[in-house]
**Student:** 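Questions regarding the structure given below will be posed in turn.
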Amino acid sequence: MGETRDNVAKVLAYSPGRYPILVVESSPGELRTFYYETGYDPERTKPVSEDWLRENALGRHSFVELSPPREVKISALRDYVRRKLFEEL
């Protein structure tokens with residue numbers, strides 16, 4: 001997976017709950033899911049489409065859309081979840 005601009009990505013949405021899944025734009029137009037269970041390891045992500053985000057994650061599974069998206073270093077995604085998302089739960 002390519003990381004750009006100092007390894008910064010945009011967190012577009014997350015699944016609420018104890019083990020958040022993040023939907024991240026890692027480069028323009030490239031959406032991937034990052035998983036709690038893998039420690040948000042960029043090598044263990046899955047590609048997804050904009051349609052999947054809208055219809056499945058947001059539409060069926062109650063993901064929370066972040067507007068505006070949050071820019072986070074990919075290496076700091078785990079810390080972002082601990083600091084920001086778990087505070088909101």
Side-chain angles (χ1 to χ4, degrees):
M1 180 185 90
E3 295 178 7
T4 60
R5 205 176 54 113
D6 297 322
N7 301 325
V8 173
K10 292 180 182 177
V11 179
L12 304 176
Y14 66 92
S15 64
R18 192 172 183 176
Y19 306 107
I21 298 168
L22 304 178
V23 179
V24 173
E25 183 177 40
S26 54
S27 62
E30 182 182 0
L31 303 183
R32 303 189 76 79
T33 52
F34 284 70
Y35 299 92
Y36 177 89
E37 293 85 353
T38 67
Y40 303 105
D41 180 349
E43 299 300 320
R44 298 178 69 191
T45 64
K46 292 186 180 174
V48 296
S49 68
E50 182 75 27
D51 288 341
W52 179 88
L53 173 61
R54 298 280 167 229
E55 295 171 12
N56 193 26
L58 297 172
R60 291 187 196 136
H61 295 289
S62 301
F63 275 54
V64 175
E65 185 173 20
L66 297 173
S67 184
R70 305 304 188 270
E71 291 192 355
V72 179
K73 284 189 174 188
I74 289 177
S75 61
L77 286 172
R78 187 177 0 191
D79 291 335
Y80 169 77
V81 168
R82 271 186 271 200
R83 282 191 337 270
K84 298 296 183 183
L85 299 185
F86 285 157
E87 285 178 6
E88 296 174 7
L89 297 176

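No experiment lies behind these values; they were computed from the predicted model shown.
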**Student:** Report the residues that fulfil side chain to side chain donor-acceptor pair (under 3.5 Å) with T33, sequence neighbours left out, ordered by chain and then residue number.
**Tutor:**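 T33: side chain to side chain donor-acceptor pair (under 3.5 Å) contacts with Y35.
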
**Student:** By the ring-ring contact (aromatic ring centres under 6.0 Å, His included) test, which pairs, at least two apart or in different chains, include something from residues 36-62?
**Tutor:**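 As it turns out, the ring-ring contact (aromatic ring centres under 6.0 Å, His included) pairs with a partner in residues 36-62, which skip direct neighbours, are Y19-Y36.
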
**Student:** With sequence neighbours excluded, give me every salt bridge (Lys or Arg N to Asp or Glu O under 4.0 Å) pair touching residues 45-59.
**Tutor:**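 Counting only pairs at least two positions apart or across chains, the salt bridge (Lys or Arg N to Asp or Glu O under 4.0 Å) contacts touching residues 45-59 are E50-R54, R54-E65.
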
**Student:** Within this structure, what is the OG-NZ distance for the pair S27 and K10, rounded to the nearest 0.5 Å?
**Tutor:**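 The OG atom of S27 sits 11.0 Å away from the NZ atom of K10.
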
**Student:** Would you say V23 ends up clustered with L77 if hydrophobic residues are merged whenever their side chains have heavy atoms under 4.5 Å apart, either directly or through other cluster members?
**Tutor:**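 The answer is no; the residues belong to distinct hydrophobic clusters.
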
**Student:** Residues two or more places apart in sequence or in another chain: which of them pass side-chain contact (heavy atoms from CB on, under 4.5 Å) with P47?
**Tutor:**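 For P47, the residues satisfying side-chain contact (heavy atoms from CB on, under 4.5 Å) (neighbours in sequence not counted) are R32.
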
**Student:** List the residues meeting side-chain contact (heavy atoms from CB on, under 4.5 Å) with V64, not counting sequence neighbours, and say none if there are none.
**Tutor:**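 For V64, the residues satisfying side-chain contact (heavy atoms from CB on, under 4.5 Å) (neighbours in sequence not counted) are Y14, P16.
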
**Student:** In terms of hydrophobic clustering (I, L, V, M, F, W, Y; side-chain heavy atoms under 4.5 Å; direct or indirect links), are L66 and L31 co-clustered?
**Tutor:**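 As far as the 4.5 Å side-chain criterion goes, L31 and L66 are not connected within one cluster.
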
**Student:** Is there a side-chain contact between F63 and I21 (heavy atoms, below 4.5 Å)?
**Tutor:**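 Yes - at least one pair of side-chain heavy atoms lies under 4.5 Å apart.
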
**Student:** State plainly whether one hydrophobic cluster holds both L12 and V72, where clusters connect Ile, Leu, Val, Met, Phe, Trp and Tyr through side-chain heavy atoms under 4.5 angstrom apart.
**Tutor:**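 Unlinked, L12 and V72 end up in two clusters.
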
**Student:** Mind checking what makes salt bridge (charged side-chain N to carboxylate O under 4.0 Å, His left out) contact with D79, not counting sequence neighbours?
**Tutor:**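 Here the qualifying residues are R82.
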
**Student:** So, R44 side chain and P42 main chain: donor-acceptor pair closer than 3.5 Å or not?
**Tutor:**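 Such a contact is absent between R44 side chain and P42 backbone.
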
**Student:** Roughly how far, to the nearest 0.5 Å, is the OG atom of S26 from the CG atom of N7?
**Tutor:**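 Between atom CG of N7 and atom OG of S26 there are 11.0 Å.
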
**Student:** Does a side-chain heavy-atom distance below 4.5 Å link L22 with L85?
**Tutor:**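 Of all side-chain heavy-atom pairs linking L85 with L22, at least one is under 4.5 Å.
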
